[in-house]
Amino acid sequence: MGRKSCTGVVTGAIHIPTVSFGPKEINTTALAEFGEYIRSVFPTVFKTSFVQHEVIGEYSHLFTVQGSDPSLQPYMLLAHSDVVPAPDEGWEVPPFSGLERDGFIHGRGTLDNKNSVMAILQALELLLLRNYIPRRSFFIALGHDEEISGHNGAQKISALLQARGVQLAFIVDEGNFILDGFIPNLKKPFAIIAVTEKGAINLMLQVNTTPGHSSAPPKETSIGILAAAVSRLEQTPMPNMFGSGLLKMTLQELAHEFPFPTNIILSNLWLFGPLVSRLIERNYITNALVRTTTALTMFNAGVKVNVIPPVAQAIINFRVDPAQTVQEVLELVKNIVADNRVQFHVLSAIDPLPVSPSDHQALGYQLLRQTIRSVFPEVNIVAPGVCIGNTDSRHYTNLTTSIYRFNPLYLNPQSFQSIHGINEKISVRAYETQVKFIFEFIQNADTDQEPVPHLHEL
Ligand SMILES: CCCCCCCC/C=C\CCCCCCCC(=O)N[C@@H](Cc1c[nH]c2ccccc12)C(=O)O
Ligand SMILES: [Zn+2]
Ligand SMILES: [Zn+2]
């Protein structure tokens with residue numbers, strides 16, 4: 001294949017429909033094609049002697065970049081090549097066209113997360129083409145099943161590295177962004193590096209009742225009983241955990257960016273905390289930062305129009321606040337439902353992750369901060385925060401206690417909705433800046449903490 005332009009490689013990647021449809025449904029043809037594709041567009045990465053490439057779990061990719069200084073502890077960059085499904089309806093352009101129009105590349109995966117896959121490999125390709133030899137070793141792990149929990153990709157890579165005795169200085173994965181327009185009155189963007197992520201529970205509620213003829217219905221059917229139970233859950237939010245969370249720290253760092261009187265209010269959360277937490281929970285996105293969320297995602301019941309339904313089932317997806325545990329949430333749920341005709345089946349449950357360090361000694365955090373300052377000089381605030389979704393990085397807690405989830409991209413509420421939604425797109429400029437960010441980050445990781453002039457400028 002001839003050499004493609006910087007954004008042409010993204011277009012080609014979006015074109016390959018590497019969709020994870022369900023727990024065991026992946027598009028193996030597309031994933032295999034994706035593997036061939038990255039080989040063809042990043043030839044230098046694949047032929048460099050100190051870059052080892054392995055395919056794990058059939059479709060995930062692990063690159064080991066051997067640094068020249070074995071005394072430096074390695075780190076790892078993560079991304080994933082699979083995407084969530086994208087039916088054509090509602091899209092301005094077909095989701096797998098990868099069309100470049102008006103300065104944007106359109107399509108599923110442009111923000112989540114083929115942008116990162118391609119930007120990481122592109123940055124490495126450019127460094128290698130300039131004969132850059134890293135001092136610090138690093139790994140690049142590209143999962144192929146992140147959207148369905150990463151059991152065949154990230155989990156296997158993690159087990160392999162553990163078996164090899166690898167311990168990492170830190171990990172950088174997708175997760176948070178440079179946020180723009182999420183807080184009313186705050187015009188300036190701010191970068192949030194997620195130092196933890198929420199837990200998750202998929203809980204099935206089931207009600208069984210005796211089937212029969214619909215002409216003589218019982219007072220309550222399985223559908224009615226279950227509908228009332230899930231409605232109680234939806235109407236009863238989990239407790240607001242504002243006081244105990246990281247969000248307090250994030251807001252204190254943001255305080256002086258606000259005009260009077262918000263700056264005073266946010267600097268004195270000991271006094272105004274209850275007021276602030278009530279304001280935060282009013283918006284559905286920021287609400288996810290202060291509590292365990294309850295999302296009714298599936299409902300299934302009934303077999304025929306004139307048959308009393310024997311079974312009704314609903315699935316509820318909870319995202320567990322880092323200040324709570326799965327067990328605590330399940331107890332609360334049982335108390336809210338308070339109906340012993342409703343059975344509980346926990347389909348999957350994962351606790352929130354521990355908080356990674358963000359102090360001055362935290363190498364990964366400080367390198368991200370330093371690179372943000374350099375690549376996005378207009379961003380004044382870099383603060384630690386919580387990732388409200390789950391990422392492949394959760395499979396790597398055996399390799400490091402320092403996990404950071406940050407995409408070097410601007411995100412506004414509209415682009416937030418496009419992730420897993422419709423009209424996902426990335427501006428050409430944003431993608432090029434992401435490449436620049438990783439290009440600088442890799443070089444910064446080779447310096448002795450203090451920023452020094454870069455060996456290469458992009
Ligand atoms: C004051 C600050 C205001 C902040 C506003 C908040 C803005 C939020 C910004 C970004 C959030 C993006 C969410 C990150 C996505 C995480 C990746 C993802 O979608 N994961 C899936 C699938 C998944 C992956 N691993 C697991 C493990 C277990 C269950 C699911 C998954 C997901 O979370 O569902
Ligand atoms: Zn993702
Ligand atoms: Zn996703």
Side-chain angles (χ1 to χ4, degrees), residues 18-20 22-23 78-86 108-117 142-155 173-186 188-194 197-202 242 245-255 257-258 266 276-277 279-281 283-290 293 295 297 317-320 326 347-353 381 383-396 405-407 409-421 424:
T18 50
V19 178
S20 287
L78 300 188
H80 63 90
S81 59
D82 63 325
V83 296
V84 293
R108 175 61 83 227
T110 47
L111 293 174
D112 179 19
N113 182 243
K114 283 179 176 166
N115 57 313
S116 298
V117 171
L142 309 176
H144 72 275
D145 60 349
E146 189 272 356
E147 296 293 359
I148 47 173
S149 300
H151 294 304
N152 277 316
Q155 202 168 307
D173 194 5
E174 64 169 341
N176 239 309
F177 295 85
I178 300 171
L179 301 172
D180 197 8
F182 283 88
I183 303 184
N185 298 334
L186 185 56
K188 293 183 192 163
F190 54 97
I192 299 289
I193 300 171
E197 70 182 48
K198 292 178 94 172
I201 309 171
N202 284 316
F242 176 73
L246 258 172
L247 183 60
K248 242 177 156 173
M249 205 160 125
T250 310
L251 291 176
Q252 274 155 358
E253 297 223 22
L254 289 175
E257 293 291 314
F258 285 88
L266 292 180
V276 172
S277 82
L279 290 173
I280 286 175
E281 65 186 0
N283 170 283
Y284 78 101
I285 300 175
T286 48
N287 177 54
L289 299 170
V290 294
T293 51
T297 52
N317 178 251
F318 297 93
R319 298 300 174 127
V320 183
V326 164
L347 304 180
S348 63
I350 46 180
D351 272 313
L353 287 188
I381 305 284
V386 177
C387 183
I388 59 177
N390 296 115
T391 67
D392 260 356
S393 69
R394 91 165 25 248
H395 296 296
Y396 294 95
R405 302 150 195 90
F406 177 72
N407 301 296
L409 294 175
Y410 276 82
L411 190 80
N412 59 34
Q414 195 191 352
S415 43
F416 172 70
Q417 283 195 318
S418 76
I419 299 176
H420 291 201
E424 189 178 348

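Predicted, not measured: the structure shown is a model, and the values here were computed from it. When a ligand or atom number is given, it counts from 1 through the structure's own listing order.
Residue, atom and distance of the protein heavy atom nearest to atom 18 (C) of ligand 1 are N390 O, 3.3 Å.
Listed by atom number, the atoms of ligand 1 under 4.0 Å from F177 heavy atoms are 10 (C). Listed by atom number, the atoms of ligand 1 under 4.0 Å from F182 heavy atoms are 5 (C), 7 (C). Applying the 4.0 Å criterion to heavy atoms of I183 picks out, from ligand 1, the atoms 1 (C). Contact atoms of ligand 1 toward I285: 5 (C), 6 (C) (distance under 4.0 Å to a heavy atom of the residue).
Counting heavy atoms under 4.0 Å from ligand 1, residue T250 does not touch it at all. Of all the heavy atoms of E174, the ones lying under 4.0 Å from any atom of ligand 1 belong exclusively to the side chain. For N176, every heavy-atom contact with ligand 1 shorter than 4.0 Å involves the side chain, none the backbone. With a 4.0 Å cut-off on non-hydrogen atoms, D392 does not touch ligand 1 at all.
Using a distance-only test at 3.5 Å, with no hydrogens or angles considered, no donor-acceptor pair links the side chain of R319 to the main chain of G389. No donor-acceptor pair under 3.5 Å is formed between the side chain of D180 and the backbone N or O of Y410. Under the 3.5 Å distance criterion, the side-chain polar atoms of N113 are matched with a main-chain donor or acceptor of H80. Listed for the N176 side chain is no donor-acceptor partner under 3.5 Å among the backbone atoms of R405. Panel note: side chain S149, backbone H151; no donor-acceptor pair is recorded below 3.5 Å. Distance alone, capped at 3.5 Å, is enough to place a donor-acceptor pair between the S81 side chain and the G143 backbone. Using a distance-only test at 3.5 Å, with no hydrogens or angles considered, no donor-acceptor pair links the side chain of D392 to the main chain of A154. Within the 3.5 Å criterion, the main-chain N or O of I280 finds a donor-acceptor partner in the side chain of T286. Looking at D82, its side chain does come within 3.5 Å of a backbone N or O of E146 through a donor-acceptor pair. A donor-acceptor contact shorter than 3.5 Å is absent between the side chain of R108 and the backbone of E424.
Residue H420 places a heavy atom under 4.0 Å from ligand 1. Contact annotation: R319 has at least one heavy atom less than 4.0 Å from an atom of ligand 1. Under a 4.0 angstrom heavy-atom cut-off, I192 registers as lying outside contact with ligand 1. Under the 4.0 angstrom criterion for non-hydrogen atoms, G175 is in contact with ligand 1. Not a single heavy atom of A200 sits less than 4.0 Å from an atom of ligand 1.
If you look at D112 and ask which of its N, O or S atoms sits nearest the Zn ion (ligand 3), the answer is OD2. Of all N/O/S atoms in E147, OE2 sits nearest the Zn ion (ligand 3). Atom NE2 is the N, O or S atom of H420 at the shortest distance from the Zn ion (ligand 3).
The side-chain heavy atoms of K188 and I381, taken from C-beta on, include no pair separated by under 4.5 Å.
Note that atom 10 (C) of ligand 1 has protein non-hydrogen atoms nearby, at separations under 4.0 angstrom.
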Worked verdict on N202 versus S348 for side-chain hydrogen bond (donor to acceptor under 3.5 Å, both in side chains): CA-CA 5 Å; N202 284 316; S348 63; 3.2 Å; yes
Decide yes or no on side-chain hydrogen bond (donor to acceptor under 3.5 Å, both in side chains) for N390 and E197, but give the supporting numbers first. CA-CA 6 Å; N390 296 115; E197 70 182 48; 3.3 Å; yes
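Ranked by closest heavy atom to atom 2 (C) of ligand 1, the top entry among L289, I419, L254, D82 is L289. By heavy-atom distance, the residue among I350, I201, N202 lying nearest atom 28 (C) of ligand 1 is I350.
For the pair OE1 of E174 and NE2 of H80, the angle whose vertex sits at the Zn ion (ligand 2) is 110° to 10 degrees.
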